[in-house]
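Below you'll find the structure, written out as structure tokens, and then a few comments.
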Amino acid sequence: MYSAYGVENDETKIWADGDIIFGGLFPMHEKGKEGKNCGELKKEKGIQRLEAMLFAVKRINRDNTLLPGVKVGMHILDTCSYDTYALEQCMDFIKAQMTTIDLAEYKCENGRTPKYQRLKPVVGVIGAASSPVSIMVANILRLFK
């Protein structure tokens, strides 16, 4: 999906590199049933919001007059319309600031030091779609500035 623009995705997130990274929290799935976090796909409200962010970032990056010399990236996560799951997902945004790895402790089989590319921090988050989720996420993200 959108691989021509350097976007990576799996079932839980979509990520594209840039000079600045914006986060997105969208309810792409319904709340799960019987102990599952995620349920059916939300084509109307969830996927449309995802597509709007993808479109906006692509449009900004194509227009050199909007942010000259700056490439906007994104880190989009699914809230599954579930507040505690969204809170768990937003920890992905925080990991970029918290992760420190001492590469001197690791060696590849050929004796070289492994290459490690640290994730860039998210500068702002778009979403979530509901107030309870937004409030919970904002309170946690505020702690990490």
Side-chain angles (χ1 to χ4, degrees), residues 1-106 108 113-145:
M1 179 173 164
Y2 298 96
S3 59
Y5 300 99
V7 175
E8 297 175 24
N9 68 335
D10 62 27
E11 290 186 19
T12 61
K13 64 183 164 188
I14 296 174
W15 185 86
D17 195 18
D19 300 316
I20 59 170
I21 308 294
F22 284 102
L25 286 171
F26 306 115
M28 293 177 268
H29 289 89
E30 297 283 349
K31 186 174 179 179
K33 296 176 183 175
E34 300 173 8
K36 293 185 180 182
N37 290 322
C38 301
E40 296 292 319
L41 194 65
K42 287 178 78 169
K43 296 177 186 173
E44 300 290 316
K45 294 182 180 179
I47 299 301
Q48 285 179 352
R49 291 172 180 155
L50 163 67
E51 288 176 339
M53 184 167 178
L54 291 172
F55 175 81
V57 168
K58 186 172 155 182
R59 187 84 181 256
I60 290 167
N61 287 337
R62 281 188 172 173
D63 188 341
N64 293 329
T65 62
L66 290 175
L67 294 171
V70 177
K71 182 180 176 191
V72 175
M74 60 192 148
H75 188 159
I76 302 173
L77 303 170
D78 189 353
T79 66
C80 293
S81 307
Y82 187 32
D83 55 358
T84 54
Y85 181 73
L87 194 60
E88 182 182 316
Q89 288 292 91
C90 86
M91 298 310 275
D92 220 33
F93 296 147
I94 297 165
K95 276 194 259 182
Q97 291 181 317
M98 304 295 287
T99 305
T100 56
I101 294 178
D102 183 5
L103 293 178
E105 294 180 22
Y106 300 94
C108 296
T113 303
K115 292 182 180 179
Y116 171 72
Q117 185 175 353
R118 185 175 177 195
L119 290 173
K120 294 176 185 168
V122 171
V123 298
V125 177
I126 299 163
S130 68
S131 294
V133 175
S134 294
I135 291 167
M136 286 181 70
V137 167
N139 286 333
I140 289 297
L141 295 179
R142 187 177 299 120
L143 295 173
F144 295 93
K145 298 181 180 168

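Values reported hereafter were calculated over all heavy atoms of this structure, with side chains retained and with hydrogens, waters and symmetry mates removed. One is the number of the first residue; the rest follow in order along the sequence. This structure is a prediction, so every number in the text was calculated from the model and none was measured.
In this structure, the separation between OG1 on T84 and CD on Q89 is 11.0 Å, given to the nearest 0.5 Å. One distance of note links CH2 of W15 with CG of D92; it measures 11.5 Å at 0.5 Å rounding. Atom CZ in R49 sits 12.5 Å away from atom CD1 in I126 (nearest 0.5 Å). Taken from CD1 in I20 to CE in M74, the straight-line distance is 12.5 Å, to the nearest 0.5 Å. Note that CG of L41 and CD1 of I47 are 4.5 Å apart. Values are rounded to the nearest 0.5 Å. In this structure, CE on M53 lies 9.0 Å from CG on L25, to the nearest 0.5 angstrom.
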Apply side chain to side chain contact (heavy atoms under 4.5 Å, CB included) to residues M28 and I76 and explain how you reach the verdict. CA-CA 10 Å; M28 293 177 268; I76 302 173; 4.2 Å; yes
Evaluate F93 against V125 for side chain to side chain contact (heavy atoms under 4.5 Å, CB included), listing each step before the verdict. CA-CA 9 Å; F93 296 147; V125 177; 3.8 Å; yes
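For S81 (side chain) and H29 (main-chain N/O), a donor-acceptor pair under 3.5 Å exists by modelled atom type. The main-chain N or O of V72 is found under 3.5 Å from a side-chain atom of N61 such that the two form a donor-acceptor pair.
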Report, one line per pair, each donor and acceptor closer than 3.5 Å where one atom sits in a side chain of residues 134-144; sequence neighbours left out.
| residue | atom | partner | partner atom | Å |
| --- | --- | --- | --- | --- |
| S134 | OG | A128 | N | 3.3 |
| S134 | OG | A128 | O | 3.1 |
| S134 | OG | S130 | O | 3.1 |
| N139 | OD1 | R142 | NH1 | 2.8 |
| N139 | ND2 | I135 | O | 3.2 |

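A 4.5 Å side-chain heavy-atom check between D83 and T79 finds every atom pair outside the cut-off.
Closest approach of D78 and C80 over heavy atoms only: OD1-N, 2.9 Å. Across every non-hydrogen atom of F26 and G46, the tightest pair is CB-O, 4.3 Å.
Heavy-atom neighbours of E40 CD from other residues, nucleotides or ligands within 6.0 Å: at or below the threshold of 12.
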